[in-house]
Amino acid sequence: MRTLQQQQEQDVQAMQQPLGSVAKLVASGIREVPPMFRVKSKIQQGYCTTNACDDDDDDEESTIPIIDFAGFHLTERRPLILQQIRRASEDWGFFQIINHGVAPALLNDMLHTHKEFFEMPLEEQMKYYSKDTNAPFKFSVIPLLPPHLIQPWKDGLTRCDPAIYEAVNVLKRELLAALSESLGLQSSFIDDLCGEFQKSNSNYYPPCPEPQYAFGARPHSDPTTITLLLQDHVGGLEVRDKHGEWMQVKPIPHAFVINLGDQLEIISNGRYKSVEHRVTVNSNTVRISFATFIYPSKTTKVGPPLELVNLEEGEPYKDFIYGDYLAEFVAFGIKGKRFIDHVKTTGLHYN
Ligand SMILES: O=C(O)CCC(=O)C(=O)O
Ligand SMILES: [Fe+2]
């Protein structure tokens with residue numbers, strides 16, 4: 001059996017030979033999903049049928065909450081918003097926020113500015129290909145994930161634009177304050193521990209000739225603290241609800257989809273869940289999303305604070321060094337199981 005280090009070395013070698021983009025594969029006229037992207041069709045069975053944000057769905061229990069963030073700083077609004085966030089985090093681990101204060105022009109910029117980039121000739125795009133993980137504008141080519149994993153049907157662009165960074169950063173601070181307060185923690189607790197880093201990616205999901213055999217993202221939970229996602233009107237993001245059903249996250253113009261990541265589940269000692277989600281693709285339309293990941297430094301030790309540990313309720317979550325957690329998460333692979341379930345009370349395998 002290969003060790004984690006051998007696997008990583010082999011993956012790094014394979015990633016030295018970029019294979020172009022998914023958009024170019026599609027443009028070349030392929031009629032089938034190539035093996036490196038191909039999932040078994042049975043994984044796609046139980047395909048989402050429910051619209052989790054349907055306005056006219058009168059069963060409140062079955063909808064992803066939409067939270068109006070307007071007036072978060074007002075004493076008369078804050079308790080209600082905190083209550084809604086607590087409930088959404090306990091029941092779903094996913095919610096959408098509207099009236100969040102980020103200017104519409106910036107939101108449009110996040111989604112639309114780089115559409116043309118994804119459609120440019122590959123030679124032009126490759127000028128922005130880089131192996132430097134800290135490059136501020138970086139085009140991702142196939143393979144996007146370590147090559148031993150099934151590849152996602154998408155192209156990606158890491159983007160660090162100062163105006164966008166700052167606007168999302170303000171919102172991030174408010175959200176982490178709200179999440180801390182909703183758990184009864186000091187307002188800055190989560191930001192101080194796990195909010196240091198912020199990275200944004202544009203995702204471009206080209207049409208797929210056999211959408212039942214590929215995913216834009218296979219089922220996974222994010223290893224982050226939280227993820228803030230903007231999506232266009234097409235739809236394709238689905239979350240697994242507490243009954244195990246896949247539900248669509250209905251696009252709402254200018255809303256951010258917020259999903260709680262594994263680090264938040266760890267801090268909350270399992271009270272809040274980092275929920276599995278996936279991205280389906282379709283045969284005729286490009287979909288674009290813009291994701292901002294918030295996460296701690298690699299050396300941060302993340303664990304539940306004492307006030308959230310109640311030994312009578314069972315084994316508490318272990319502490320993890322984030323860098324170690326992330327390395328194991330990547331090696332485990334995005335394959336339809338929550339990595340966190342394997343380690344939350346036992347720790348990482350080599351600890
Ligand atoms: O594009 C989306 O809707 C979600 C992407 C996602 O889940 C991720 O980047 O972690
Ligand atoms: Fe995700």
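When a ligand or atom number is given, it counts from 1 through the structure's own listing order.
Remark: among candidates Tyr205, Phe290, Tyr204, the nearest residue to atom 2 (C) of ligand 1 is Tyr205, based on non-hydrogen atoms.
Checked against the 6.0 Å centroid criterion, the rings of Phe117 and Tyr204 do not qualify as a close aromatic pair.
At distances below 3.5 Å, not a single donor-acceptor pair connects side-chain atoms of His243 with backbone N or O atoms of Glu245. Side-chain N or O atoms of Asp222 include none that pairs as donor or acceptor with a backbone N or O of Thr227 at under 3.5 Å.
Shortest non-hydrogen contact noted between Ser221 and His277 is CA-CE1, 4.1 Å.
The nearest N/O/S atom of Asp222 to the Fe ion (ligand 2) is OD1.
Contacts of Ala217 with ligand 1, taken as heavy-atom pairs under 4.0 Å, are absent altogether. Contacts between Asn201 and ligand 1, counted as non-hydrogen atom pairs separated by less than 4.0 Å, are absent for every part of the residue. For Thr227, no heavy-atom contact with ligand 1 is shorter than 4.0 Å. The part of His220 lying near ligand 1 is the side chain, judged by heavy-atom distances below 4.0 Å.
Looking at Lys154 next to ligand 1, no N or O pair under 3.5 Å apart turns up.
The protein atom (non-hydrogen) at minimum distance from atom 9 (O) of ligand 1 is Phe293 CZ, 3.4 Å. At the top of the distance list for atom 4 (C) of ligand 1, counting protein heavy atoms only, stands Val279 CG2, 3.6 Å. Atom 3 (O) of ligand 1 has as its closest protein heavy atom Arg287 NH2, 2.8 Å.
The closest side-chain donor-acceptor pair between Gln263 and Tyr325, if any, does not fall under 3.5 angstrom. Between the side chains of Glu174 and His100, no donor N or O sits under 3.5 Å from an acceptor N or O.
Using the six-membered ring where Trp is involved, Phe137 and Tyr128 have ring planes that are perpendicular, over 60° apart on the 30 and 60° scheme.
An angle of 90° is found at the Fe ion (ligand 2) between His220 atom NE2 and His277 atom NE2, rounded to 10°.
Listed by number with element, the atoms of ligand 1 under 4.0 Å from a non-hydrogen atom of Asp222 are 10 (O). Close contacts between ligand 1 and Asn203 involve ligand atoms 1 (O) [criterion: under 4.0 Å to a heavy atom]. Every atom of ligand 1 with a heavy atom of Ser289 under 4.0 Å away is listed here by number and element: 1 (O), 2 (C).
At least one side-chain heavy atom of Ile97 sits less than 4.5 Å from a side-chain heavy atom of Leu171.
For the pair His277 and ligand 1, a heavy-atom separation below 4.0 Å is found.
Here Asp262 does not pair with Lys344 in a salt bridge; the nearest charged N to carboxylate O distance is not below 4.0 Å.
A distance of 5.5 Å separates OH of Tyr213 from CZ of Arg38, quoted to the nearest 0.5 Å.
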